[in-house]
Amino acid sequence: MAQLWGGRFTKETDQLVYNFNASISFDCKFFREDIEGSIAHVVMMEKQGMITAEEKDLIVKGLISIRKDVEEGTLEISMEYEDIHSFVEANLIDRIGEAGKKLHTGRSRNDQVALDMKLYVRNQVTEVDRLLKEFLTTINKIMKENLHTYMPGFTHLQKAQPTTLAHHMGAYFEMFKRDRQRMHDIYARMNYSPLGSGALAGTTYPLDRYYSASLLGFEGPTSNSMDSVSDRDYIIEFLSALSTIMMHLSRFSEEVIIWNSNEYGFVDIDDAYSTGRSIMPQKKNPDIAELVRGKTGRVYGALVSILTTMKGLPLAYNKDMQEDKELTFDAIDTTKGCIALFNGMMSTIKFRNEQMAKSAMMGFTNATDAADYLVKKGVPFRDAHGIIGRLVLYCIDKNTSIDALSLQELKEISEVFEEDVYGEISLETCVEKRLTHGGPSSVIMKKQVEENEKYLEEGDLKNE
Ligand code: ARG
């Protein structure tokens with residue numbers, strides 16, 4: 001057992017207590033961030049005359065060599081230490097001796113862990129943003145290729161009005177675009193450095209918090225040292241945004257699963273993204289979509305867990321806050337994996353255009369347009385609604401669609417129908433007439449695709 005605080009204690013800590021208290025098994029994940037933060041602290045201390053240039057060089061070199069050795073696998077992060085901070089510090093002292101003991105001057109593990117976690121989460125916000133951008137690029141490509149791919153639009157999972165695949169995909173584009181915007185918002189709000197806040201009340205050493213913050217790419221230092229070591233809001237915001245991404249992916253999954261069913265047959269999922277069943281050779285299961293839908297609860301769980309952990313904590317640091325890590329790491333890895341896999345599945349999926357158009361025709365999705373036709377010919381809307389209702393019943397009985405009826409059949413239900421009705425209620429007309437901003441007409445959607453392309457070219461998080 002290697003302890004930093006051994007001096008004050010007389011008895012050996014019970015092994016169970018030690019294990020319960022330790023966090024190295026999971027905070028080893030941010031060894032890079034721990035070293036990055038320490039380097040900034042040391043460079044700042046030298047500028048402030050707290051250590052000599054030689055000491056700074058020794059410490060920085062030592063830290064860089066630890067990072068290199070861990071990355072190359074020649075140094076194993078030992079679970080004998082309580083946390084990653086103690087491991088790095090002890091290792092540094094082993095390597096460079098006395099100078100290493102100055103690393104922790106004017107710092108506490110409270111501001112250190114706050115910094116490490118912030119650096120880690122900030123990197124992950126950028127990473128999620130990048131993955132979302134890739135996914136949006138795939139979605140926009142599907143949109144561009146399917147401006148005239150007709151399909152039914154649904155309400156209550158019942159065919160309602162015709163639309164296009166481009167329009168349907170465009171809805172997902174908007175959702176994941178908002179998710180990306182949330183990443184940018186979180187980044188901007190969290191980008192302040194807690195380093196130099198000490199245990200809770202700052203320090204008497206002449207630290208330049210502005211300088212260390214700028215070395216680490218922060219907008220500036222945080223404003224209140226108690227808040228700095230107690231704030232986990234950015235993790236909650238991030239987990240909330242990840243939960244929203246998963247909610248969107250889960251809805252998308254649900255649609256892919258429905259579209260893949262025998263009854264719909266709208267899509268063919270690529271072999272690489274589905275599996276067969278050992279016992280039923282006819283099956284091709286949408287496993288990726290089902291797993292993504294299933295993993296959503298896990299990410300929600302992480303959000304609820306940290307909200308609950310934080311709700312009763314008095315200021316400032318409490319050990320409860322160590323619980324901010326494991327589930328957050330899991331939620332990040334889960335969400336990133338789901339976005340990447342979904343992107344792969346959607347870039348290889350085949351849409352069965354004919355089947356989708358047929359489904360739109362057979363689903364009376366042009367019933368509203370047929371009623372509008374009658375209204376334009378002078379029939380009051382209520383009456384038109386009744387006439388089309390009777391027409392739909394007639395079609396159900398004959399297992400056909402409105403536009404497949406002869407003019408004579410139409411006239412039997414209402415004299416008002418003329419030859420021009422066919423042009424007015426074809427799938428193409430029904431869609432192309434819908435020219436309101438945000439609607440499915442190919443004219444509108446083409447503009448939207450171009451705007452999306454422009455959006456995707458600008459505004460990467462790293463360049464802000
Ligand atoms: N392992 C701790 C955490 O994750 C580091 C901070 C320890 N600070 C303390 N006063 N015990 O929160």
Side-chain angles (χ1 to χ4, degrees), residues 1-9 11-38 40-41 63 66 70 77-92 103-124 190 193-203 205 216 222 224-236 238-239 302 305-333:
M1 284 188 256
Q3 295 171 350
L4 285 179
W5 32 265
R8 190 179 184 285
F9 289 79
K11 265 196 241 158
E12 281 244 312
T13 317
D14 180 88
Q15 186 69 43
L16 277 177
V17 174
Y18 189 82
N19 294 346
F20 191 67
N21 195 46
S23 55
I24 190 140
S25 64
F26 46 88
D27 63 21
C28 57
K29 199 152 174 124
F30 50 53
F31 78 93
R32 282 191 195 84
E33 286 78 4
D34 192 72
I35 288 172
E36 193 190 347
S38 288
H41 184 61
L63 288 169
I66 293 175
V70 172
I77 298 178
S78 159
M79 295 299 132
E80 291 288 295
Y81 290 87
E82 182 189 343
D83 54 28
I84 191 66
H85 325 295
S86 345
F87 168 78
V88 171
E89 193 178 337
N91 217 275
L92 181 72
L103 168 65
H104 209 52
T105 317
R107 193 173 67 168
S108 151
R109 270 188 296 164
N110 293 354
D111 62 341
Q112 190 178 359
V113 78
L115 174 69
D116 292 1
M117 190 64 180
K118 218 172 207 187
L119 289 172
Y120 185 84
V121 168
R122 192 178 67 173
N123 284 337
Q124 296 303 317
M190 72 177 283
S193 168
L195 183 60
S197 298
L200 77 157
T203 161
Y205 293 99
L216 292 164
T222 48
N224 179 294
S225 60
M226 284 188 97
D227 177 54
S228 309
V229 293
S230 324
D231 170 32
R232 298 294 183 270
D233 290 6
Y234 66 96
I235 301 178
I236 293 171
F238 187 42
L239 289 175
S305 160
I306 186 156
L307 279 168
T308 313
T309 298
M310 295 304 292
K311 75 182 263 293
L313 300 189
L315 298 181
Y317 179 83
N318 300 267
K319 194 68 180 246
D320 315 45
M321 288 157 93
Q322 181 165 292
E323 284 298 307
D324 65 354
K325 293 176 191 65
E326 284 162 287
L327 295 184
T328 300
F329 294 155
D330 182 75
I332 294 171
D333 293 343

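Just the heavy atoms: all of them, side chains too, but no hydrogens, waters or symmetry mates, feed the values below. In each ligand, atom 1 is the first atom listed, and ligand 1 is the first ligand listed.
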**OP:** Examine N110 against ligand 1 and note whether any of their N/O atoms are separated by less than 3.5 Å.
**Re:** yes
Original post:
For atom 1 (N) of ligand 1, which of E323, Q322, E82 has the closest heavy atom?
Top reply: Q322
Original post:
What is the closest protein heavy atom to atom 7 (C) of ligand 1, and at what distance does it sit?
Top reply: Y317 OH, 3.7 Å
Original post:
Is a side-chain donor or acceptor of K325 paired with a backbone partner of D27 at a separation under 3.5 angstrom?
Top reply: no
Subject >> Under 3.5 Å: donor-acceptor pair, side chain of H85, backbone of S108 >> reply: no
**OP:** Would you give the length of the straight line joining atom CG of N19 to atom OG of S25, rounded to the nearest 0.5 angstrom?
**Re:** 9.5 Å
Subject >> Backbone N/O of A316 and side chain of N318: donor-acceptor pair under 3.5 Å >> reply: yes
Subject >> Element-labelled atoms of ligand 1 that are located less than 4.0 Å from some non-hydrogen atom of S23 >> reply: 1 (N)
Original post:
Between the main-chain N or O of Y120 and the side-chain N or O of N123, is there a donor-acceptor pair closer than 3.5 Å?
Top reply: no
Subject >> K325 N/O under 3.5 Å from ligand 1 N/O >> reply: yes
